[in-house]
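Report on the structure given below.
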Amino acid sequence: MVMACRVINKRRHMGLQQLSSFAGTGRTFLGPLKLSKFIIDAECHESVLISSTVRLLESLDLTSAVGQLLNEAVQAQNNTYKTGTSTLLFLIGAWSSAAEECLHLGVPISLIVSAMSEGLNSCIEEVVSLQVPVYNVFDQIDNTKTFSGLETSSVSLCPFLQIPSDSDLQKEHDLKDVASPSLTFYNLSGIPVRSPKLFRSQAEVEADKNTLQNPQSLQNSLLTGSRYGKSILIHSRHFNRTDNQWINKPDGFLEQHGGATPSTYRCSDLVELEMGLSHGDHHSMKLVDEAVRLQYQNASMQQGSCMMPFRFDISRIFTCCLPGVPESFSCVCPGFITVISISNTTLVKELQNQPIRILLIEGDLTEKYRHLGFNKATNINTVLESMRVQQDTTEELWTNYVLQVLIKFNVNLVLVQGNVSEHLTEKCIHSKRLVLGSVNSCVMQAFAEASGAVPVTYITQVNEDCVGSGVSVTFWRSIPSDVIDRINVITIVIKMEGINLVTVVLTSPVTAQMQTKEDRFWTCAYRLYYALKEQKVFLGGGAVEFLCLSHLQILAEQSLSKRNYVCSGWLPNTSSWLASSLALYRSTVLKCLANGWHKYLSTLIYNTASCSSEFEASTFIQQRLQNATDSGSPSSYILNEYSKLNSGIFNSGISNKLEQIPSIYDVVIPKTEAWRRALDLVLLVLQTDSEIITGLGHRQLNSQETEGFLFL
Amino acid sequence: MSRLEAKKPSLCKSEPLTSEKVRATLCVLKGILTSSYGPSGRLKQVHSGLGGCVCTTSQSSALLSNLPVTHPILKILTTSTKNHVSCFSDCGLFTAILCCNLIENVQRTGLTPTTVIKLNQHLLRLCTHYLKSESCGCRIPVDFSSPQTLLCLVRSVVTSKPACMLTREETDHISALVLKAFLLTIPENTKDRLILGKSIIVPLKGHRVLDSTVLPGILIEVSEVQLMKILPIKKSDAFKVALFCSSLSGDLSDTGEGTVVVSSGVCLENAVLEQLLNLGRQLVSDHVDLVMCQKVIHPSLKQFLSMHRVIAIDRVGVALMEPLSKVTGTQPIGSLGSISPSSYGSVKDLCPAKFGFKHFLHLIPNEATICSLLLSNRSDTAWDELKLTCQTALHVLQLTIKEPCVLLGGGCTETHLAAYIRHKTCNEPESILRDNGCTQTELQLLTEAFCRALESVAGSLEHDGGEVLTDMKYGHCWSSQAESPSVVNWPDLLSRCGCGLCNSQEELRWSFLKTTQHPIAPQTCLPHEAIGSSNNLTLDCFTAKLSGLQVAVETANLILDLSYVIEDKN
């Protein structure tokens, strides 16, 4: 065994360069309009369509040490929060370039580390002022005002809200659409999807005006709009009434005053919250909304008069994917909907319309299955003592035994978490019993709770107490039979009174998009889950990032003017010379960090296709930033600017009904944690100076690679 | 057909240290270690090169255990450092760097090994004697009535591991938690001997560092499904507990070699299960409330127990066995035969708990000296580092309770000690010369090598090209930026010394560490008003550092004494 050690940090920092090149691949996933990618395996010519960071990293070769760390960071974010991975990946890229820039400028590594983490922490403290509390959204839950209801009303209020008719821009969009079908969002009602973003470049404002003045182009854009489901911008309504409402307090925090009666700024409407968190994916959010409502109804029915505060339980939502079915059939239903083979049709016919008894099996339902941790002894031989020939195999004996038990306890439905012996399934069909394998654990849990069934591992464990009752099985016919017959399966729904389980049926005519659809649904669901759990959201659409950017720029300016301003608390070792020279470099480091935000925002704008080039987007932000800094108080200036921008565009048509335009929200902790995670990874790699490769022989390194390696 | 191969002759190399290759590899190893040292040390990515997990670390324990070094000399060095770390957790890098420095410096003097070893040992005795004496100027007594010193000690350990990726707020939080966890392991009423309990670190990866917490008692992770089966837990004053260390999964894993022949119709599995159920019946008739098993419990036995309102928890894991047995007073049961009533123990209370997405069963014992430290950090690699760091900090606190004093950190102990040794050998050389039978020049040469080695360790704390200085009064370690203007107002440029005890505004004189040091008599009494008031000192564990010093000198002596390496090539 030889240890090899490679110095990776001599002149150029290889680790940081690797990070930014890995992160570059996910650039187009930033923002609400995600361009899909085809990943093609050059060897077996298989390809997958992906449109999220997590799926991208699953298909990339990340065997290098830095790649591993990157994958680990993204996986950790995804496992904990299920959202924020694109932000994470992008910021990793942006900040690793920023750190590299600092190295070029000769800033000592320890100072980059302390100034950057200080800067980000200061940003996180600063954006608290853009938090919106979420209160009692379930108090006024109103069935007449559902998610889709609001959608139509808001659209009818602003019928001119269509895409800019700038012809160059249009061409590019069309090209993009052709290149990547998943860019197009089809919406139930044919309503164009609006991309939630605060920024809007002057060109578009002009374009909008043109659209208004020119009926011909309006018509054109309407046509294209309905064909492609174009992206349209929408602005937060809260900025529209802010002219005199936002007062900058001396401590820099914003407080809202609503004329004579100061109203607390908060979000207490579920639909508004969902709209804001949908980030343009109204289709998925509509399903989430329905699921939440079903859960809420179920909870209020169960509890009767003594109302516990309702908690959105994301673990009791189950998704059922039906590829090959038109998208408009996506829906949400109480109970468990699943797909079974067409051979079960007669069985289901006989079972429906009667309460049946249910059995839940953990693990597999096969003869060979043993529970986890059971080690089968290999050296046991069974010998026959008499010459009596055994007629049945053990498999046959076991199957018969299982059937006997099912008959004895009058069980007609068996849900199995693992696999089921095919032979047994067939036998059960003959005796009018339905056995379903590979059932999700959340479904098992829900049925256990509702029916009183106790999950068992072995069929021998079954007794009267384990069997649940009151379950019903029927065909699920929300999808017309001619559609479903084409895909050669039948869908059934298994329900029972009071079960806390909601199935979301996701459909897509394009099989390759099924995974994306499911991912997007869960992203929306988790966004709502965290917003409700934390009871607060950020004002979204780039507002927080813009505030971070301007805040950092101001901090950088301040530390330039006040050289001897000592803030050494960020260094672990306060007595080191680094503490006293931090002031010298702070402004440089903070500027580099701010550049990361700048890149983030311009990519966001460019990705949402409101600027024709990243350069244009960057100039636009630069302009806004200059104005914001000139005003002296960026946060209130930003808000005022947006309100002006909004009124300039929208007021002519909807001046008195601004309430109907939904705001854009972001989740708080998942977002700030993604920022921290991104910076953590960059700083971790920045501080790494060598790579120690263990268990590697000399021979395994070919001659070119050996260069730069040291052996012990 | 057997084949016989002639044995290869053994390879014998003389004077291994003079070989260029050995020097080069020693230099590489020293480079790895010194670049990792201290709070601004650089990190190392340790991985197998074949994918799999990447460990980013700057800790000696993680680094050395992953370094498969080949040369016997390096092996001696890493092994003795690893031994030191396994006993004291802290000061591993200090030990290894000091050892490397000593070897390098002594080789340059060209003295004979015998003289070197004798003198090194003498100087080591001087050091240990001084560090243990009352007049020691780099030692602070620990005041257990206030948490300040202990908190500083923990914080110094935590900040010296940059791969934990903690912000200042998080460092404070973790330091306070570690100290709290340690205090929870101290029994409330002790008779004659103090027996410390244990802090169990429970992983909660992926969450915020500030979500970390400490709880008295033991947390056992259970799946949600399992927890649902247990709930609701019936109320009771005390729960009778049985703890199994043998598997109750009902398999026949110990059939030994050979083949077991069974006649058809006999089912061994059922026979074992019947035995398990008999065991279950005994547990029920003995009124046991809680059954825990290190390994797996057969589902049928679990069902049987839960039918009789007995809570069954399996797959507890080997790590929890000792604390569980201690807390509940149970004797772990290793057989399926009958259970002696003395094996049972009890807990005060049981309750479910949820942290993040994980569900736990919280065992609250009658007399708690066991606590659970739930640690979270954003990434796996940072979590692993944080876990090691917390273990080190807890161990350091335990060592400090045995020897209630701490040493100054931030390089100050090293420079102060070097100044003391220089002063001592310069002013009182007679006894040393008489004892060791060497000349004045030899003593001077070796003292310089020894003190330089110590000072270089302090200098290794600097990684960004700064200068390291020492003052002429206390002999503490100071740092300043490189290329300072020639006429400089030192008190303004420097603020505090490495450990944070001395202020530059006192009337002090400084000299660069790399220049020739003139022997000074370091002030042995500490500015005591500073100790009380300052809550931001950098401190080191006394016992660990003392042992590190001894191990480094002894190992260097051993390596310098090597004259042949004989390698068996077969």
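Being a predicted model, the structure only gives us computed values, none of them experimental. A, B, ... follow the sequence lines: proteins, then strands. Residue 1 opens every chain.
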Which one of Met307(B), Lys302(B), Lys21(B), Glu269(B) has the most heavy-atom pairs closer than 4.5 Å to chain A?
-> Glu269(B)
Just by modelled atom types, is the Val685(A) backbone N or O under 3.5 Å from a matching donor or acceptor in the His13(A) side chain?
-> yes
Flag the pair Tyr81(A) / Tyr530(A) as yes when their ring centroid distance falls below 6.0 Å, and as no otherwise.
-> yes
Find the one option among Asn79(A), Leu372(A), Val456(A), Leu683(A) whose heavy-atom pairs under 4.5 Å with chain B are most numerous.
-> Leu372(A)
Using non-hydrogen atoms and a 4.5 Å limit, figure out which bit of Val296(B) sits close to chain A: side chain, backbone, both or neither.
-> side chain
Between the side chains of Asn121(A) and Arg676(A), does any donor sit under 3.5 Å from an acceptor?
-> yes
Cut-off 4.5 Å, heavy atoms of chain B, and the answer for Gln75(A) is neither
Heavy-atom pair count under 4.5 Å with chain B, highest-scoring of Ala76(A), Ala73(A), Ala65(A), Ser441(A) | Ala65(A)
Short N-O contact, Glu72(A) and Arg378(B), less than 4.0 angstrom = no
Segment of Leu166(B) engaging chain A (4.5 angstrom heavy-atom cut-off) = neither
Kindly indicate whether the side chain of Leu103(A), heavy atoms from C-beta on, has any atom under 4.5 Å from the side chain of Ile112(A).
-> yes
Which answer fits Arg155(B), side chain, backbone, both or neither, if we ask what part of it has an atom under 4.5 Å from a heavy atom of chain A?
-> neither
Do Glu691(A) and Lys44(B) sit within salt-bridge range, that is, some charged N less than 4.0 Å from a carboxylate O?
-> no
Under 4.5 Å to a heavy atom of chain B? For Tyr458(A) that would be side chain
Most contacts with chain A, counted as non-hydrogen pairs under 4.5 angstrom, among His207(B), Arg208(B), Glu224(B) | Arg208(B)
Checking heavy atoms, do the side chain of His298(B), its backbone, both or neither come under 4.5 Å from chain A?
-> both
Heavy-atom proximity to chain A below 4.5 Å, by part of Ser379(B) | both
Under 3.5 Å side-chain donor-acceptor pair for Asp211(B) and Ser376(B) = no
Does a donor on one side chain sit under 3.5 Å from an acceptor on the other, for Ser480(B) and Glu467(B)?
-> no
Interface moiety of Leu494(B) toward chain A, non-hydrogen atoms closer than 4.5 Å = neither
